[in-house]
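Below, chain A is the first sequence line, B the second, and so on; all start at residue 1.
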Protein chains: 2
Amino acid sequence: MATGRTHRPATRSRGIPEATVARLPLYLRALTALSERSVPTVSSEELATAAGVNSAKLRKDFSYLGSYGTRGVGYDVEYLVYQISRELGLTQDWPVVIVGIGNLGAALANYGGFASRGFRVAALIDADPAMAGKPVAGLPVRHTDELESIISDNGVSIGVIATPAGAAQQVCDRLVAAGVTSILNFAPTVLSVPDGVDVRKVDLSIELQILAFHEQRKSGEDAGQAVAPPPPLRSASDGRKGPDGDVPAVMPA
Amino acid sequence: MATGRTHRPATRSRGIPEATVARLPLYLRALTALSERSVPTVSSEELATAAGVNSAKLRKDFSYLGSYGTRGVGYDVEYLVYQISRELGLTQDWPVVIVGIGNLGAALANYGGFASRGFRVAALIDADPAMAGKPVAGLPVRHTDELESIISDNGVSIGVIATPAGAAQQVCDRLVAAGVTSILNFAPTVLSVPDGVDVRKVDLSIELQILAFHEQRKSGEDAGQAVAPPPPLRSASDGRKGPDGDVPAVMPA
DNA sequence: GAATGTGAATCTTTTCACAGCC
DNA sequence: GGCTGTGAAAAGATTCACATTC
């Protein structure tokens, strides 16, 4: 998903698999909960359950970070919290800007677990002059004109795009030009960015469509009252077929 | 991620890889845009670029659906739109409930591309009695008490959870008991559900943490003004080491 | 005895490269 | 000549199962 740097040729060693990186935040959240309940140690089995994965995977994941457990005992909760935080880069404070303060942008600004660990909302930015100065989540909304100066004044390297799809690429370009190198995109668009800039994407309708796919299979492969528009006719002849040759009933004529 | 059914033993054939399913919505969006511009056909190369993937992957993905292209020419845009929509189950209409109408829930309710293709917001549900009846995105908010009847009256099988973390599991249980079998979870919690129920998760802070991980590497493996709390001391001795034996400088004593 | 850490086996996904067709 | 469709190879991720350590 993320573009990422393609290099890092020599040295090796710090090659944590992407799939593992994506799970570290889950472990961290589960560990933080344990830490708050003052649980001193936890086994891979318990932690895995809390994080919603299986224990073999968790142990393999941790093995990429180092040997941070104790055989016969488990993991020291506080120690692991620290190690994972450090690995994720959360022992430093990341200033973040949110661009596009509509419903979604406001929701993000108000999101608590945000400021809580490693991230700080440096500014909320919107293109609507009527929004400028209005406080959202305790911060005054600033106008897009100020984008570049906000980025450089605060040393922002992470930007969140919550604008309408039409504005996203343009905002992205400005963020990148101003020095942002990681972008979290909530707009339903494919952003194009230069090498060295990471983009991650959160997209409601994609997630729903994936659910619909699986939901459809559950209903018995055929059931469900189709409300489909007639399939667009296709000039071509007869060569068309399903994957293994089993032609579905709904095939367009 | 999603729990999914583990079976589907015989028949085969309709075995579309999960990674492919996750990309179909991307292709569909790109194709819809082409369709609106009345572009009649598209090559794998062009479409791949528009969707942000490479063309070999796209062709492989499509090969799981069937042979829907024409060699030497490309793909018929309208025809592909229909085929992918059908595969994703979007040729029927999915009623969806959104539970938790805070900032985020309201943002989701207002999200346009939602109703546009295959999904219909059947109801907005919130636990706050003060919200009940208030219109959000043109729909009156209904109270949690009505959850079960709303689900069954509308034949809802997809639920979106946008509540605070503390309420999520409880809401989830009620949704599932009432007949929902696919859940999109925006609350930062691991939901536990019975077999046969799919859960997908969207989590802002996880995405940010993944970005932070990569961001950290860019800054030169060491740079950045650490604002770290002192690492929690650990009783244990000396056996600790990094992955390849290279002990990081920040190691706790 | 209990639980980690990790090679080896397995499964999934991506990429390559080219035969086949228009 | 151009572009799809797909076997085969390569890379990546997960699971198994057990030696190792406390």
Side-chain angles (χ1 to χ4, degrees), chain A residues 1-2 4 6 8 12 15-24 26-27 40-49 51-77 79-80 83 234-245, chain B residues 1-2 4 6 8 12 15-24 26-27 40-49 51-77 79-80 83 234-245:
Chain A
M1 188 145 297
T6 331
R8 182 165 308 286
R12 267 280 301 110
I16 301 178
E18 195 52 37
T20 295
V21 172
R23 281 186 297 264
L24 293 180
L26 285 175
Y27 302 144
T41 62
V42 66
S43 70
S44 63
E45 199 67 58
E46 294 164 325
L47 183 54
T49 302
V53 304
N54 71 53
S55 63
K57 200 184 296 192
L58 177 144
R59 287 201 303 280
K60 188 58 125 183
D61 283 342
F62 286 180
S63 79
Y64 294 114
L65 309 186
S67 298
Y68 293 151
T70 308
R71 292 167 203 241
V73 178
Y75 301 93
D76 180 304
V77 170
Y79 186 69
L80 246 195
Q83 290 299 341
R234 227 232 155 222
S235 54
S237 42
D238 52 334
R240 312 226 163 277
K241 57 154 183 49
D244 285 8
Chain B
M1 187 145 297
T6 332
R8 181 165 308 283
R12 267 284 298 113
I16 301 179
E18 194 53 38
T20 295
V21 172
R23 280 187 297 265
L24 292 181
L26 284 176
Y27 301 144
T41 62
V42 67
S43 71
S44 63
E45 198 66 59
E46 293 165 327
L47 183 53
T49 303
V53 305
N54 71 52
S55 64
K57 200 184 295 190
L58 177 144
R59 287 200 304 279
K60 187 57 127 183
D61 284 342
F62 285 0
S63 79
Y64 294 115
L65 310 186
S67 298
Y68 294 152
T70 309
R71 294 168 201 239
V73 178
Y75 301 92
D76 180 304
V77 170
Y79 185 69
L80 246 195
Q83 289 299 342
R234 226 232 156 223
S235 55
S237 41
D238 52 334
R240 313 226 161 277
K241 57 157 181 48
D244 286 5

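- Between Arg71(A) and Arg59(A), the residue anchored nearer the 5' end of DNA chain D, judged by the nucleotide with its closest heavy atom, is Arg59(A).
- Here the P atom of nucleotide dA13(D) and the OH atom of Tyr64(A) are 8 Å apart, to the nearest Å.
- Residue whose closest nucleotide on DNA chain C sits further toward the 5' end, between Gly72(A) and Lys60(A): Gly72(A).
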Next on the checklist: Let's go through Thr20(B) and Asp61(B) carefully: what are the C-alpha distance in whole Å and the side-chain angles of both, what is the deciding distance for side-chain hydrogen bond (donor to acceptor under 3.5 Å, both in side chains) to 0.1 Å, and is it a yes or a no?
Outcome noted: CA-CA 6 Å; Thr20(B) 295; Asp61(B) 284 342; 2.7 Å; yes
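- Here the C1' atom of nucleotide dG5(C) and the CD atom of Gln83(A) are 16 Å apart, to the nearest Å.
- Residue Tyr75(A) places at least one side-chain N or O closer than 4.0 Å to OP1 or OP2 of dG5(C).
- The interatomic distance linking Glu18(B) (CD) with dT14(C) (C1') rounds to 16 Å, in whole Å.
- The side chain of Lys57(A) approaches dT15(D) more closely than any other nucleotide in the set dT4(D), dC22(D), dT15(D).
- One atom, CG of Leu58(B), and another, C1' of dG5(D), lie 12 Å apart when rounded to the nearest Å.
- Among the nucleotides dT15(C), dT13(C), dC22(D), the one closest to the side chain of Pro17(B) is dT13(C).
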Next on the checklist: Using side chain to side chain contact (heavy atoms under 4.5 Å, CB included), reason through Leu80(A) and Phe62(A) one step at a time and then give a plain yes or no.
Outcome noted: CA-CA 9 Å; Leu80(A) 246 195; Phe62(A) 286 180; 3.4 Å; yes
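- Regarding Leu47(A), its CG atom lies at a distance of 12 Å from the P atom of dG5(C), rounded to whole Å.
- Checking side-chain atoms of Ser67(B) against main-chain N and O of Ser63(B) turns up no donor-acceptor pair under 3.5 Å.
- dT14(D) atom P lies 7 Å from atom CG of Asp61(A), rounded to whole Å.
- When the C1' atom of dT14(D) is taken as reference, atom CG of Asn54(A) falls 8 Å away, rounded to whole Å.
- Residue Ser44(A) has a polar side-chain atom (N or O) positioned under 4.0 Å from OP1 or OP2 of dT4(C).
- Look at CD on Glu46(B): it is 8 Å from P on dC3(D), rounded to the nearest Å.
- The side chain of Arg23(B) sits closest to dT14(C) out of dT14(C), dC22(C), dC3(D).
- Taking the centre of each ring, Tyr79(B) and Tyr68(B) come in below the 6.0 Å mark.
- Between the NZ atom in Lys60(B) and the OG atom in Ser44(B) there is a gap of 13.5 Å [rounded to 0.5 Å].
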